[in-house]
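Just so it is clear: chains get the letters A, B, ... in the order the sequence lines come, proteins before strands, and each one is counted from 1.
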Amino acid sequence: MTSETADLVVIGAGPAGLAAACEARELGMSVVVLDEQTAPGGQIYRNIESVTDDRQDVLGPDYVAGQELAAAFRRSGAEHCGGATVWNLTTDGVVDYIADGPKTVSGKYVLLASGAMERPFPIKGWTLPGVMGAGAAQVLLKGAGAVPAGPVTMVGSGPLLYLLAWQYMRAGVRIAVVVDTTPMTNYLRAVPKLPGALAGWPDLSKGLKLLGALRKGGVKVYRDAREVAIEGRDAAQAVTFRHRGGRIELPARLVLLHQGVVPNVQLSMSTGLDHSWDAAQHCWTPVTDEWGRMATSSLYVAGDSRGISGALASAVQGRLAALSIGQQLEKLSDLQTRAAPLRRQLKRYMAIRPFLDTLYCPREIHRVPTDDDVMVCRCEEVTAGQIRGYVKLGCLGPNQTKAFGRCGMGPCQGRFCGVTVTELIAKERKVDCAEVGHYRIRPPIKPILLRDLSAPKDEEP
Amino acid sequence: MATEPYFVIPAKPGSSTVTITFEGRKIVVPAGISVAAALLAGGVGVFRTSIVSAAPRAPFCMMGVCFECLVEIDGISGRQSCMVPVTDGMAIRRQEGSSALDVSEGAKDDV
Ligand code: FES
């Protein structure tokens, strides 16, 4: 076992983690950044250091903007440990991880910046080969330059879906159809939030440009679609949905689903510290103070893993957390003065969120399946109907579903069904999600091989 | 057993490649990409079969969250192919049912 110490250990090398590391280094702290990917960037700036010119063109300026942050991080003197799988974390800052064997690093403080994951889209057929997240397809584009081989069907709602469609158009990919599930009623609800969103005008106008480009490109779009299902026996063959009172069925071999992203809270939850249900975003978020600190622990959270905020806001949150940690470590004495301009920036970047959250709030039927046959826990193959059955038998919350039917006990450890199970049980019991609670997450938070925990070969006699 | 690939990786002249195998079939892919990306572009439609009903599954998230991309790599089962970069000579097999590793240890005493 190798172990080391640092003033600050950052988990996650996306915008929040990278910016926090830079700020902390400027304050003279020793910084170790652990990341599951080999190169910095996170999901949003994935592969940012080695992306080719033509792919930059396809991915667009918001992506390329990450180069500056990655370069600043490399210059910062922070220690970067890529390919690291964190499997245990304590509230006083001890982090166990695997990277070429078992390692431990103790931080006086630890910043969790583990980002977001795509919100599950539990509908009939979503487990079939040929169906994946639009975010997953974007990872393929950024990481491998891979694009759909044939016409692609894009289903759902939200900025990432439209951005990917725009990127595909630039890459010359044929989009068979966009099935837009944004409820028409959301537009009306979002209108009152528009004045507030105007402070974030650049974001807003970018979004409008994307939608305009799709229209100009002649992409067929079905709006206000609902009750989406994917048909096929061993692989996706068709997508069906309700549109203007009728049911439409279209052939589809590759279907990309998306209905927004949710904080990846596996790590923060594993500490046992408080999380609360965000009723507007329909997800769990860690409870923190204004700087991102969880209770009185040594742990801070920044970026999308604290609540969906986007790349630019995430970076600012990372810096603010680093400043607060700097003050705890007596590396600065003028916290408020330094924080003020960052706070103003953060406010500007966050201005658009209430509007986006309202406009792209996914339909309930696409979050909480009414069809009993829909798979909710993909790993252990537990359906919506089975979970409703457990509730009838007295199951009160996610932890108990494990005893009833191994729900949430597969390799993903409830990451992918967590929000669905909470909402489903809450609806069935007619109580708040907060009352239902979430899966208790226990280490190891990533499945690890016993082999990884044994001493590396060269230490054997 | 190869199907029509779901994804293609447009070839870049002069870029380096590695050769991997899936169920013994050779696939030549660009260096530096993930095993999952390589298989998707190499005409692999089914990565694993599910634990209960042995249904066909393939990657869903590509970022280490869903565990749908599990395969056996060089004899070790339960590897997340979306998180592992390809290396030359890598031998990959489909994962049938549950893997050797049991991750539910911590959850057993939850109820
Ligand atoms: S595709 Fe989801 S973990 Fe690999």
Side-chain angles (χ1 to χ4, degrees), chain A residues 36-38 43 50 52 83 85 115 117-118 126-133 135-140 143-150 234-235 253-254 264 266 378-381 399-400 402-403 406 408-416 439-451, chain B residues 3-12 15 29-30 32-34 36-38 40-41 43-47 50-53 55-70 76-80 82-86 98-111:
Chain A
E36 209 168 13
Q37 290 181 49
T38 44
Q43 301 305 335
S50 43
T52 53
T85 301
M117 53 173 267
E118 281 189 274
W126 76 307
T127 54
L128 290 169
V131 183
M132 61 164 61
Q138 202 183 43
V139 168
L140 281 163
V147 291
D234 294 321
R253 184 166 182 267
L254 178 62
N264 190 349
Q266 203 76 0
R378 299 173 59 114
C379 297
E380 293 288 337
E381 299 174 77
N399 289 312
Q400 292 178 332
K402 295 180 178 177
R406 288 191 58 87
M409 288 177 75
C412 100
Q413 296 168 286
R415 282 174 174 80
F416 230 68
Y439 286 125
R440 194 169 326 136
I441 312 296
R442 296 264 176 84
I445 63 155
K446 272 272 183 168
I448 41 176
L449 301 165
L450 282 177
R451 201 186 70 135
Chain B
T3 55
E4 206 44 49
Y6 283 105
F7 285 84
V8 290
I9 302 173
K12 295 247 163 18
S15 59
V29 300
I33 67 174
S34 70
L40 284 168
V44 174
V46 180
F47 280 52
S50 65
I51 295 170
V52 181
S53 69
R57 294 288 177 86
F60 191 86
C61 76
M62 290 299 294
M63 51 171 283
V65 176
C66 74
F67 291 73
E68 290 290 8
C69 63
L70 297 184
I76 299 169
S77 66
R79 305 287 319 268
Q80 280 178 290
C82 70
M83 303 302 290
V84 180
V86 285
S98 89
S99 65
L101 44 103
D102 186 4
V103 296
S104 54
E105 275 308 313
K108 268 182 191 148
D109 53 347
D110 262 7
V111 280

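Atoms CZ and OH, from A:Arg253 and B:Tyr6 in turn, are 4.5 Å apart once rounded to the nearest 0.5 Å. The CD atom of B:Glu68 sits 8.5 Å away from atom SG of A:Cys412, with the distance rounded to the nearest 0.5 Å. How far CD of B:Gln80 is from OG1 of A:Thr85: 7.5 Å, rounded to the nearest 0.5 Å. A:Leu254 contributes atom CG, which lies 9.0 Å from atom CG of B:Leu40 (distance to the nearest 0.5 angstrom).
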Given the rule in the side-chain contact (heavy atoms from CB on, under 4.5 Å) test, do A:Arg378 and B:Phe60 qualify, once you have shown the distances and angles that lead to the verdict?
CA-CA 10 Å; A:Arg378 299 173 59 114; B:Phe60 191 86; 3.4 Å; yes
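For B:Pro30, no part lies under 4.5 angstrom from a heavy atom of chain A. Within the 4.5 angstrom heavy-atom criterion, atoms from both the backbone and the side chain of B:Ala37 approach chain A. Only the side chain of A:Val139 comes within contact range of chain B, judged by heavy atoms closer than 4.5 Å. Proximity to chain A (any heavy atom under 4.5 Å) is shown, for B:Ser50, by both the backbone and the side chain. Neither the backbone nor the side chain of A:Ser50 comes within less than 4.5 Å of any heavy atom of chain B.
When each of B:Ala41, B:Pro5, B:Ser53 is scored by its heavy-atom pairs under 4.5 Å with chain A, the top score falls to B:Ser53. Per-residue counts of heavy-atom pairs under 4.5 Å with chain B were compared for A:Pro129, A:Cys379, A:Gly133, A:Gly143; the largest is that of A:Pro129. Top candidate by heavy-atom pairs under 4.5 Å with chain B, chosen from A:Glu36, A:Met132, A:Met117, is A:Met132.
Scored by the side chain to side chain donor-acceptor pair (under 3.5 Å) test, A:Thr127 finds no partners at all (sequence neighbours excluded). In this view, A:Arg415 satisfies the salt bridge (charged side-chain N to carboxylate O under 4.0 Å, His left out) rule with no residue, not counting sequence neighbours.
What you find for A:Ala149 and B:Val8 is that their closest heavy atoms are CB-CG1, 3.7 Å.
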